[in-house]
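As structure tokens, the structure follows; a few thoughts come after it.
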Amino acid sequence: MTKRQTKKQNQNSAAVLWRFLRGSKAYFILGVTFAVIGSLFELIIPRITGYTVDSVIGQGDGKISSFAANIINRLGGAEALRDNLFVVALAIATLGLLAALCKYLFRVSNAKGAETLVKNMHNMIFAHIQSLPFSWHMKNRTGDIIQRCTSDTNTVKRFVADQLTTVVRATIRLGLSLAFMISTNAKLSIIPIVIIPIIIGYSTYFHNRIAKHFLTCDENEGILSNIAQENLTGVRVVRAFGRENYEKEKFATQNKKYTGLWIRLLKFLTAYWASGDLVTGLLVMLVLVFGTKMCVAGSMTQGDLIAFISYNAMIIWPVRMLGRVISEMSKAGVSIKRIAYIIESKEEKDPENALTPAMTGDVKFEKVSFGYDEEHELLHEIDLTIKSGTTCGILGTTGSGKSTLVHLLDRLYPLPSGRITVGGMDIAEMKASHLRKNIAVVLQEPFLFSGTIKENIAMGLPDYLAEKEVDRRIEEAIDIACLRETIESFDKGLETFVGERGVTLSGGQKQRLAIARTVVQNAPIMVFDDSLSAVDTETDAKIRNALLKKMKGTTSIIISHRITTLMHADQIVVLDHGRIAESGKHEELLKQNGLYARIYAIQSMKEGEDA
Ligand SMILES: Nc1ncnc2c1ncn2[C@@H]1O[C@H](COP(=O)(O)OP(=O)(O)OP(=O)(O)O)[C@@H](O)[C@H]1O
Ligand SMILES: [Mg+2]
């Protein structure tokens with residue numbers, strides 16, 4: 001990657017982060033303000049200690065602000081304090097209390113900011129993922145996306161709520177402490193002024209080196225969670241093929257690799273921490289040695305030395321924090337980039353002035369060629385007209401591109417060449433939501449959401465329908481999909497829960513539920529992608545007859561490997577290796593004595609045997 005690209009990427013990450021911060025920024029700013037005020041209260045305490053040592057215990061002139069001097073004079077000067085030491089104690093206790101209150105307010109504001117930030121991030125990312133094109137989802141692994149949405153958003157939260165606020169807080173506290181130190185003894189301040197940049201510089205150098213190790217760890221965590229996720233969703237396949245041990249080993253190997261990477265990273269971090277300790281120890285030592293020397297020589301009061309040592313102890317926290325936080329921030333950069341990848345992926349956009357025509361005309365594929373990648377063309381110059389209101393059956397060997405044809409009709413992928421029209425209008429110029437609402441598809445692999453049967457069927461219904469109409473359509477769809485008996489066999493009927501932790505439906509029941517869900521849509525174009533493969537021939541015929549009655553005037557496409565499912569269609573197309581090999585009515589195709597006739601012969605022979 002060139003420097004310019006890296007710069008651009010960093011700018012993008014910052015812009016994405018800025019967008020996420022909408023609504024939570026104010027909390028963080030408020031929090032940091034409280035923290036700074038709290039630091040100021042704390043920083044006054046060593047001054048009081050110093051003054052007490054010099055003026056109350058000793059007889060000298062302790063450093064004190066004119067404001068405090070005024071108060072002390074009113075109380076009767078240092079002598080009066082000597083008799084009433086509780087006043088000093090009270091002052092210190094009050095400052096301590098105020099500092100604690102500020103710390104509390106800082107934490108509350110910061111926590112509110114952090115949670116608001118996470119909420120916004122989750123909402124924005126989820127909404128964006130919903131708008132991404134289908135092809136994006138096909139390209140990206142689910143486990144990886146989930147990791148970006150969970151552990152990466154968490155890292156970003158920590159980055160802003162812990163690290164960024166700490167950097168601001170620590171820097172301001174460091175600056176203030178140094179100011180107090182310089183005002184206490186400018187000469188002695190040279191020691192921290194020289195050593196602090198060395199500590200911070202060292203940690204910055206270190207953080208640059210460690211960034212790539214964090215990236216490797218993250219990538220490997222993604223692979224690990226992907227294995228786990230695949231095993232959870234594919235648990236049936238794992239059991240059916242007795243792959244438990246293989247999967248266990250695969251997981252263990254990856255887990256070992258992941259652990260090894262973290263151990264290596266932690267070794268780096270530990271070395272850094274240990275060497276950092278050495279340098280801060282050096283700072284304390286030098287201040288003590290030179291401060292004591294100055295006291296003995298009389299160029300510094302004892303009270304000032306005590307105050308100075310207190311300030312020195314106070315800067316160690318921010319300096320060490322800065323070192324740690326800067327090294328952790330490298331991880332956040334990676335996470336923000338990983339989230340930015342999602343947020344900046346191009347949404348599926350409708351063309352300008354997208355059309356929403358009536359979808360009742362002929363469906364036409366004109367010289368449609370397509371491949372999932374550029375090198376391998378899958379469909380070659382498909383020309384197909386499906387007259388409005390007719391049924392087109394599609395038969396073809398597996399992998400010949402039947403489902404792909406449906407994806408293209410639904411505009412899930414852009415067409416590289418050729419066009420698809422409905423009623424003469426190019427689908428590329430239509431609004432995607434309009435197109436998909438009007439083309440009801442029963443997918444080859446139906447996916448049911450966790451919810452009741454009723455909820456799953458009603459998914460296909462528009463929102464504006466009255467409840468009565470909803471029920472009527474659902475009942476009608478249940479009859480068409482031959483689902484009544486199944487539903488009645490469940491205790492809770494339509495309210496039976498399906499999907500995760502609900503009743504598990506059989507393959508055929510699932511398919512019929514998917515058909516019902518599609519039928520309720522009343523769409524002018526219907527597609528059944530191998531949707532009756534898991535039901536017996538008799539139910540298949542029943543459903544088809546019911547559909548035929550209901551679908552009068554609907555343009556439909558039925559994809560199937562079973563000729564009996566297709567033979568009554570107005571037109572049958574045989575797809576072979578992405579080309580239309582034959583087309584016509586059932587009898588015509590039989591006469592052609594080609595692929596269709598051969599498949600028919602095999603299937604009728606088999607049925608004869610079965611009978
Ligand atoms: N998302 C995808 N990315 C890349 N290749 C794909 C994708 N989906 C399908 N393919 C490939 O495209 C080819 C055609 O797939 P398609 O699903 O259209 O076949 P099909 O005719 O519906 O087969 P079947 O009868 O088995 O359902 C197959 O070789 C398949 O591997
Ligand atoms: Mg298919």
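Keep in mind that what you see is a predicted model, and the values were worked out from it rather than measured. Every number for a ligand or one of its atoms is a count from 1 in the order of the listing. Numbers here are sequence positions counted from 1.
Here's the thing with M138: none of its N/O atoms is less than 3.5 angstrom from an N/O atom of ligand 1. The shortest N or O to N or O distance between K402 and ligand 1 is below 3.5 Å.
For atom 31 (O) of ligand 1, the nearest protein heavy atom is 4.0 Å or more away. Under the 4.0 Å distance rule, the nearest protein heavy atom to atom 7 (C) of ligand 1 falls inside the cut-off.
Under 2.8 Å from the Mg ion (ligand 2) lies no N/O/S atom of T404, from backbone or side chain alike. Among the backbone and side-chain atoms of Q444, an N, O or S atom lies under 2.8 Å from the Mg ion (ligand 2).
For the residue pair Q511 and S533, a side-chain donor N or O sits within less than 3.5 Å of a side-chain acceptor on the partner. In the model, Q147 has no side-chain atom that pairs as donor or acceptor with a side-chain atom of D152 under 3.5 Å. Checked by atom type, the side-chain pair T360/S388 shows no donor-acceptor distance below 3.5 Å. Y341 and D144 are not linked by any side-chain donor-acceptor pair at a separation below 3.5 angstrom, with hydrogens and angles left out of the test. A donor atom on one side chain and an acceptor atom on the other are found under 3.5 Å apart for D529 and S403.
Taking every non-hydrogen atom of H561 and a distance limit under 4.0 Å, the qualifying atoms of ligand 1 come out as 25 (O).
Using a 4.0 Å heavy-atom cutoff, G396 is absent from the residues neighbouring ligand 1. Residue H407 places no heavy atom under 4.0 Å from ligand 1. The closest approach between a heavy atom of Y413 and any atom of ligand 1 is below 4.0 Å.
Ring-plane geometry between F370 and Y413 is classed as tilted, the angle between the planes lying from 30 to 60 degrees on a 0 to 90 degree scale. Using cut-offs of 30° and 60° for the angle between ring planes, the H407 and F134 rings count as tilted.
The protein heavy atom nearest to atom 27 (O) of ligand 1 is Q444 NE2, 2.7 Å. Scanning the protein heavy atoms around atom 29 (O) of ligand 1, the nearest turns out to be G399 O, 4.1 Å. Summary of contacts: the protein heavy atom closest to atom 10 (N) of ligand 1 is Y372 CE1, 3.2 Å. Of the protein's heavy atoms, T404 OG1, 3.6 Å lies nearest to atom 15 (O) of ligand 1. For atom 17 (O) of ligand 1, the nearest non-hydrogen atom of the protein is S403 CB, 3.4 Å.
Residues S450 and F497 share a closest heavy-atom pair of C-CZ, 4.0 Å.
Screening T518, L532, L513, D530 for a side chain to side chain contact (heavy atoms under 4.5 Å, CB included) involving V442 leaves a single residue, T518.
Salt bridge status for E469 with R472: present, with a side-chain N to carboxylate O gap under 4.0 Å.
In this structure, of D373, L378, V406, the residue bringing a heavy atom nearest to atom 13 (C) of ligand 1 is L378.
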